[in-house]
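Just the heavy atoms: all of them, side chains too, but no hydrogens, waters or symmetry mates, feed the values below. Protein chains get the first letters and strands the later ones, always in sequence-line order, with residue 1 at the start of each.
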There are 4 protein chains.
Amino acid sequence: MSSAPAFKRLPRAVREQQMLDAAVKVFSRRGFHHASMDEIAEYAGISKPMVYAYLGTKEELFVACLHREGTRMMQAIAGAAAPDLPADVRLWRGLRAFFGFVGAHRDGWAVLYRQARGEQPFAGELATMRTRLVEVVAEMLDHALRAEGHEVGAVDLEVVAYALVGATESLADWLADRPEADPEKTATRMMNVAWLGAAQLLHGVTWRPPE
Amino acid sequence: MSSAPAFKRLPRAVREQQMLDAAVKVFSRRGFHHASMDEIAEYAGISKPMVYAYLGTKEELFVACLHREGTRMMQAIAGAAAPDLPADVRLWRGLRAFFGFVGAHRDGWAVLYRQARGEQPFAGELATMRTRLVEVVAEMLDHALRAEGHEVGAVDLEVVAYALVGATESLADWLADRPEADPEKTATRMMNVAWLGAAQLLHGVTWRPPE
Amino acid sequence: MSSAPAFKRLPRAVREQQMLDAAVKVFSRRGFHHASMDEIAEYAGISKPMVYAYLGTKEELFVACLHREGTRMMQAIAGAAAPDLPADVRLWRGLRAFFGFVGAHRDGWAVLYRQARGEQPFAGELATMRTRLVEVVAEMLDHALRAEGHEVGAVDLEVVAYALVGATESLADWLADRPEADPEKTATRMMNVAWLGAAQLLHGVTWRPPE
Amino acid sequence: MSSAPAFKRLPRAVREQQMLDAAVKVFSRRGFHHASMDEIAEYAGISKPMVYAYLGTKEELFVACLHREGTRMMQAIAGAAAPDLPADVRLWRGLRAFFGFVGAHRDGWAVLYRQARGEQPFAGELATMRTRLVEVVAEMLDHALRAEGHEVGAVDLEVVAYALVGATESLADWLADRPEADPEKTATRMMNVAWLGAAQLLHGVTWRPPE
DNA sequence: TATGAATGAGTATTCATTCAT
DNA sequence: CATGAATGAATACTCATTCAT
């Protein structure tokens, strides 16, 4: 008698998470534009006005999804790569955590992120997220380079970090599209590309355009 | 009566190019979904039914744009990287051509491509395009590796090529967003990342996950 | 065979008038907010997108109605009150034309106007229309006053004109709500109030329509 | 524990007045349709269900506002124009009180009234209010006419009263829209129009407020 | 009494797409 | 070949109103 159907009149915080869960699912499946607020609400087992009341417009909802998933991912990475480890170990653990996360949430961050890149309204949120990633990577590289006695311009560092992040994103896509692929192996491959390249840079080896 | 204005009744091929020009502009500016067929037709100075008659539905039109721009880009690269050159030179020339192209057409391929990545309907076309790129890169690497006496699994090669392509795409975005940036310098940076990494691989150096 | 159903594929100008007719009817019946674009379109025998294509948003449509009806009314008045007549004759003819118009279009201008007064978005259009009326009246009064050697401040004139216009509007409402009432008689009564004033009436002075 | 904040659990009558205050403010600012019950409740510092419990639906709430403000206005007028004074003095005092009231509550009665005129659901309430005004005016005129030995038909009287009320409403709007305007002056102008009529004004006759 | 949670129903607006001429 | 006219279908968003606690 006292345990009435537990899914009615839930507190706001709970409902918000349910809605975000549903939204992530639907946005992932359909894409931002083909996802309808109706479907999201229905999927969340709630009526549309609640979604608007709690999470705002469709764009805001998408940003909220992106934000939550992005934060989770960053936490996964941060939890894996302690800042007092050597750069290569940090990079490896970070990559492993990243690909592990992407592999474990194949309809989460990677898909939303991919979609957001095509839409101007999300440029701001995206820039923020990518900047956080790039900063982490750049800081890692910078750290290592200084330890070896090298100095690199900020722009150079940023660009290299961008390249690494891009490569990683690309492999994340590759992984997200291949359910049978192994995240750990993918991370290893990425590490090969990233680190063997970076290691050279660390030792002062630089490629120059011919002539 | 008989001397009608010279810009009417153009041959079909010319008209199509005009439409594609308009479509590329509008898709770039607004994004796929926010671009309206009305605007595209108006921008092309033609009526909407003509667009449909010549180039089909909106999706087909977008694919046509993507295709044309992609082909142009591939040609620019192919024209720069002759297959009989050494791998590093080919890679460098290819990258330089690529970034030069992206820099010169800042509202062309890179933007369309970025948008297409978020939309499922274009997955096929995209896969085709990326595959062509990946194949070129993979073939380049394979060539070089065999010359050095190494053998690499197909999947590994594909993944590394993916990573390189992803890194390159990422820097293309970086470049497309920064009008003041120099394509050639960006190409050099990318080459540093790609080649110094790849070169190690060529020499059989491989990174292994610890323990 | 050649006289196909005449109400298809009509030229724009015709359709626009049909739409305006329908919109005036529906807005009058339901009021601005309770009128739905659906109903207007259906009433006009056309699909909704056409309404948007030709007349714009709901607000713009309402303004267009207001404008058309207002212009018609002003023309009716202007056609009746030639500027070279004495002020009282002009006033009388103007009033008669006005009430005649309102009486003849009981779901037209007066109703729309009444509705518009309550909604802020129409303040601009309303001000314009009322200003035109007030100007006509004020000019008439000023004309007459100067002829008598008097001079009155602009504000005073404006206020008096406002009062007259207000009184007239009020009677227009009164008339619009009473199908059985006689416009001409109403005009006469208004003329009495406006021209003679209550005090005169109290003393048994009464204005009579000429001949 | 027992000394709860003193502004909770107020007696019903007080709460109702608070709500009405809030509602009048919001309705005035936004207009009937654009005002939301949410905003009203928030503005009143109370939850929505309370508003419904105390004052009923949105329409009923609006009517209640209209009613309260109208009653206040009528009291202001009635308090100023004692029935044993001569007609012109009563009219003058009534007008002065009316414009004074409108000027002092620029977001009260006049605005609500203006809005109500456009909406059919309020026709009844409006008619009642206007009728009360018209009756007062008509009675005043009738009184005076009989004193002078004249007799006028009921309809004529009603129409004249309507015209006067309409003129007054119009000037009330004029005043409500012009924060810098002086209510007393406006009343004087109205009195001139009402009492003397345009013809008198043309001949230089002017009414002056007594004393 | 008082409220946070919840919703049904309605509506403006847009857009790809197709006839009829 | 070329176009103005026309529409079906979809969708974001709002709001008055009511339960369950």
Contacts satisfying ring-ring contact (aromatic ring centres under 6.0 Å, His included) that involve residues 38-58 of chain A (not counting sequence neighbours) are none
What is the separation between atom [atom1] on [X] and atom [atom2] on [N], rounded to the nearest whole Å?
X       : N      : atom1 : atom2 : result
A:Leu61 : F:dT11 : CG    : P     : 16 Å
A:Phe62 : F:dA12 : CZ    : P     : 14 Å
A:Asp38 : E:dT7  : CG    : P     : 13 Å
D:His34 : F:dC13 : NE2   : C1'   : 14 Å
B:Glu59 : E:dT17 : CD    : C1'   : 13 Å
B:Met37 : F:dT3  : CE    : C1'   : 15 Å

Set of residues satisfying salt bridge (Lys or Arg N to Asp or Glu O under 4.0 Å) with respect to A:Glu16, sequence neighbours excluded
A:Arg12
B:Arg72: salt bridge (Lys or Arg N to Asp or Glu O under 4.0 Å) partners, not counting sequence neighbours:
B:Glu69
Got a sec, which residues hit side-chain hydrogen bond (donor to acceptor under 3.5 Å, both in side chains) with [X], two or more places apart in sequence or on another chain?
X       : value
C:Glu60 : none
A:His34 : none
C:Arg68 : C:Gln17, C:Asp21
B:Arg29 : none

Phosphate-side-chain proximity, B:Arg12 and F:dC1, N/O vs OP1/OP2 below 4.0 Å:
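B:Arg12 to F:dC1 OP1/OP2: no side-chain N or O under 4.0 Å.
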Does A:Arg15 make a side-chain N or O approach to OP1 or OP2 of E:dG4 shorter than 4.0 Å?
no
Expected output is a numbered-order residue list: members of residues 20-32 of chain B with a heavy atom under 4.0 Å from any atom of DNA chain F. What is it?
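Those residues: none at all.
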Crowded around D:Arg30 CZ? As in, over 12 foreign heavy atoms under 6.0 Å?
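No, CZ of D:Arg30 has 12 or fewer neighbouring heavy atoms, counting only those of other groups under 6.0 Å.
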With no hydrogens and no angle check, is any side-chain donor or acceptor of D:Glu59 less than 3.5 Å from a backbone partner on D:Pro121?
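The answer is no, because no donor-acceptor pair under 3.5 Å joins these two groups.
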So what stems show up for DNA chain F if we need 3 or more Watson-Crick or G-U pairs in a row, all under 3.5 Å?
E:2-21 with F:2-21
DNA chain E: 5'-proximal contact among B:Tyr52 and A:Ala53 (nearest heavy atom)
A:Ala53
Tell me which residues in residues 39-51 of chain B lie within less than 4.0 Å of DNA chain E, going by non-hydrogen atoms.
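B:Lys48, B:Pro49, in order of number.
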Hey, which of these two, A:His33 or C:Ala13, hits DNA chain F nearer its 5' end, going by closest nucleotide?
C:Ala13
Give every residue pair that meets the salt bridge (charged side-chain N to carboxylate O under 4.0 Å, His left out) criterion with at least one member in residues 40-56 of chain C, sequence neighbours excluded.
C:Asp38-C:Lys48
Just compare [options] and give me whichever is closest to any side-chain atom of [X].
X       : options               : value
C:Tyr54 : F:dC13, F:dT17, F:dA5 : F:dA5
A:Lys58 : F:dA16, F:dC13, F:dA6 : F:dC13
C:Leu10 : F:dT17, F:dA6, F:dG4  : F:dA6

Quick one: closest heavy-atom pair of A:Gly108 and A:Val24, and the distance?
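Shortest heavy-atom contact: CA-CG1, 4.2 Å.
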Test ring-ring contact (aromatic ring centres under 6.0 Å, His included) applied to D:Tyr113 - qualifying residues, sequence neighbours left out:
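D:Tyr113: ring-ring contact (aromatic ring centres under 6.0 Å, His included) contacts with D:Trp109.
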